[in-house]
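Residue numbers start from 1 in every chain, and the chains themselves are labelled A, B, ... in the order their sequence lines are given, proteins ahead of strands. Quick caveat: nothing in here was measured; it's all calculated off a predicted structure.
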Amino acid sequence: MSEESQILKQRRQKAEELERLGVDLFPNDVPLPERAGAIKKVYEGYDNEALEKVEDTFRVAGRIMALRRFGKAAFFTIKDASGSIQIHIMRDRVGKDRYQIFKKFDIGDIVEVEGRLFRTKTNELTIEADRIRLVTKSMRPLPEKYHGIRDKELRYRRRYEDLIMNQEVAETFRARARIIQMLRHYFTSNGFLEVETPMMQSIVGGATARPFVTHHNALGIDLFMRIAPELYLKRLLVGGFERVFELNRNFRNEGISLQHNPEFTMLEFYEAYATFKDLMVRTEELFAQIALDIKGSTRFTYQGNEIDMTPPWKKMTLRESLVEVGGISESELDDKEALNVRLEGLGVEMGRDLVLGKYLTKLFDLLVEPKLMQPTFITHYPTDISPLARRNAKDPSVTDRFELFISGREIANAFSELNDPRDQKRRFEEQVASRGDDEEIPPEVDYDYIRALEIGMPPAAGEGIGVDRLVMLFTDSPSIRDVIFFPQLRPEGGRRSP
RNA sequence: GGGCCGUUAACUCAGUCGGUAGAGUAUCUGCCUUUUAAGCAGAGAGUCGCUGGUUCGAGUCCAGCACGGCCCA
């Protein structure tokens, strides 16, 4: 190891000095302390006169965030999970020896303090320390106190420092936890069973995406990290569970962007005897509830744009959206050649003989999606790009499916489920046959899934909700990385596989 | 994958025309018992992302690479 920086050396030396003075740097006999936030809440309205009548002492523990010393006395602020509180310490009160030890404490150390409450000249509620003890010695300095940690790379790599220094980051992740709790509560209280299905699958399915491949040594087979839990959840419908949901990670071996992390959290739920239209109502209801809880209103701003989640939301067919929002003429919609010319005009090179749906959805991605700010259900997706969705009874070239867009992003995807095993088998086989070297299409038909459908799956509808994107929306976060504690980054030092 | 920008002390950032590496915070020493970005006086702290090149001389110019950010695909 190279020469350590001066600042680390000083911390280490100070720690050794404390140990020589008999101070335990990492004790493990600290009784559960009181929370700073709770104390502040209770004594909010007390002035000094009222506080003098409070005879109790309060024992708190937390990280020293700021420290202002004055020779024989000092003020410092400690922060715990509930908030922070100021401490005043005087040599003449804690004793000369204890004060000498306190002088060796640093910003970043975790300390335990006990004492009575008072208010300073500037009216700040403060604990006058009778006792102070080191709880955990910090061997490394915290980032600069005023600017905190700004460098985005460092914030993602060292999320622990980001969480200490940037209050709003902790708030975002508390909101995330709350949203996930609400999702879970909504489904369990509506009779859905929470289930867990394989994340390592021997046949990929349930979506169109490149999977991560791994290898099982004992079985001697390659396995794929799941890109979606869909086919397993529907097997559970066959098995007799009529309402199921799973809230967990999917993995897709694709690019990283403001909206994409290789592992991301998805909620999928399936409901027997429901159709995609029922799911629209559920989605409106669920999102509106979350908005009310987190934002206090179904109207709020995201990145400067007003979003109105008050149900009901706008509904359009894919074709309508291409004409009305995308500015494509009705006559072009069935003309692959014309659509391809459009795409080339937008700088997109696509193959010549793809299915019509591919051209339509690509144009949608470019011309329509970014403009859908308000919650909008887009329906009637072509059957040729919806291999798991039920055909529309009136027009079998489209499916009973919707995708939900908010703020120019896809948030959810839902459809009435295809439960005719004959049609499903045909669509799988066509898909695999047309695969070529497109790694996004599963290379193999999941015949066991067909077998399950042959046993009989009740009519049902299912939906997937991108939880990270939902959290972004409700926490006004511009990047998916702001709502994932440890987003994927290249390893430091540029280590790469050959 | 492409374009643009960034990478300098633990952190936040300056660094002019190529000529001895700077500030604030943090740290250390001294003073200081109501501060809250405390104050005053002093001190220490650098592989200027990495590797080459040009040059008498490179943080600065050039090339390649690494990592990141933003935009586009």
Please write out each protein N/O paired with an N/O of nucleotides 31-33 of chain B under 3.5 Å, distance rounded to 0.1 Å.
{"residue": "B:C32", "atom": "N3", "partner": "A:Gly71", "partner atom": "N", "Å": "3.3"}
{"residue": "B:C32", "atom": "N4", "partner": "A:Gly71", "partner atom": "N", "Å": "3.1"}
{"residue": "B:U33", "atom": "OP2", "partner": "A:Phe70", "partner atom": "O", "Å": "3.3"}
{"residue": "B:U33", "atom": "O4", "partner": "A:Asp92", "partner atom": "OD2", "Å": "2.0"}

Separation of the C1' atoms in B:G53 and B:A43, to the nearest angstrom | 40 Å
Run the ring-centre check on A:Phe224 versus A:Phe251 and record whether the distance is less than 6.0 Å.
-> no
Determine the interatomic distance between C1' on B:G39 and the same-named atom on B:G24; round to the nearest Å.
-> 16 Å
For A:Phe118, answer base if it contacts any base atom (sugar-phosphate contacts may also be present), sugar-phosphate if it contacts only those atoms, and nothing otherwise; contact means non-hydrogen atoms under 4.0 Å.
-> base
The residue, A:Thr77 or A:Phe105, whose nearest nucleotide of RNA chain B is more 5′ is A:Phe105
Tell me what A:Lys121 touches on the nucleic acid: a base, only sugar-phosphate, or nothing, going by heavy atoms under 4.0 Å.
-> base
Does the distance from a Lys or Arg side-chain N to an Asp or Glu carboxylate O, for A:Glu128 and A:Arg116, drop under 4.0 Å?
-> no
Would you mind checking if A:Asp384 and A:Lys358 are paired as a salt bridge, meaning a charged N to carboxylate O distance below 4.0 Å?
-> no
Quick one: look up who B:C67 pairs with, Watson-Crick or G-U, both distances under 3.5 Å, and put none if it's unpaired.
-> B:G6
For B:G1 versus B:C65, give the span between their P atoms, rounded off to a whole number of Å.
-> 12 Å
Answer yes when A:Glu254 and A:Arg210 have at least one side-chain N-carboxylate O distance shorter than 4.0 Å, and no when they do not.
-> no
For atom CD of A:Glu254 and atom P of B:A73, their distance in whole Å | 17 Å
Any ion pair linking A:Asp476 and A:Lys295 (charged N to carboxylate O, less than 4.0 Å)?
-> no
Less than 4.0 Å between a side-chain N and a carboxylate O, is that true for A:Glu16 and A:Arg20?
-> no
Which one is paired to B:A37, where only Watson-Crick or G-U wobble pairs with both distances under 3.5 angstrom count?
-> none
Figure out the CZ/P separation between A:Phe76 and B:U35, and round it to whole Å.
-> 17 Å
Would you mind checking if A:Glu171 and A:Arg174 are paired as a salt bridge, meaning a charged N to carboxylate O distance below 4.0 Å?
-> yes
Send over the distance from A:Lys14 NZ to B:C28 C1', rounded to a whole Å.
-> 8 Å
Rounded to whole angstroms, how far apart are CZ on A:Phe75 and C1' on B:G39?
-> 14 Å
Across all strands, who's sitting opposite B:G19 as a Watson-Crick or G-U wobble pair, both distances under 3.5 Å?
-> B:C56
Is there a donor-acceptor contact under 3.5 Å linking the side chains of A:Thr265 and A:Arg176?
-> yes
For atom C1', what is the distance between B:G22 and B:G44, given to the nearest Å?
-> 15 Å
Between B:C61 and B:C56 - C1' atom distance, rounded Å = 16 Å
Charged N to carboxylate O under 4.0 angstrom, A:Asp162 versus A:Arg159?
-> yes
Can you find a donor-acceptor N/O pair under 3.5 angstrom joining the side chain of A:Glu124 to the base of B:U35?
-> no
As its Watson-Crick or G-U partner within any shown strand, both distances under 3.5 Å, B:G44 has none
B:U35 P sits how many Å from A:Ile78 CD1, rounded?
-> 21 Å
Say you pick atom C1' in B:A23 and the same atom in B:G15; how far apart are they, in whole Å?
-> 10 Å
Just how far, in rounded Å, is C1' of B:U25 from CG of A:Leu67?
-> 14 Å
How long is the line joining CG of A:Asp109 and C1' of B:A26, in whole Å?
-> 13 Å
Taking atom C1' in both B:U54 and B:U20, compute the distance separating them and give it to the nearest angstrom.
-> 22 Å
5'-most contact on RNA chain B (nearest-nucleotide basis), A:Lys103 vs A:Ser479, goes to A:Lys103
Take atom CD of A:Glu17 and atom C1' of B:C28, then tell me their distance rounded to the nearest Å.
-> 11 Å
What string of B, S and - do you get for nucleotides 5-12 of chain B, 5' to 3', when a contact is any protein heavy atom under 4.0 Å?
-> -----SBS
Expressed in whole Å, how much space separates the C1' atoms belonging to B:G18 and B:U60?
-> 6 Å
Do the two ring centres, one from A:Phe377 and one from A:Phe276, sit under 6.0 Å apart?
-> no
A:Tyr156 versus A:Asp151, side-chain donor and acceptor atoms under 3.5 Å | no
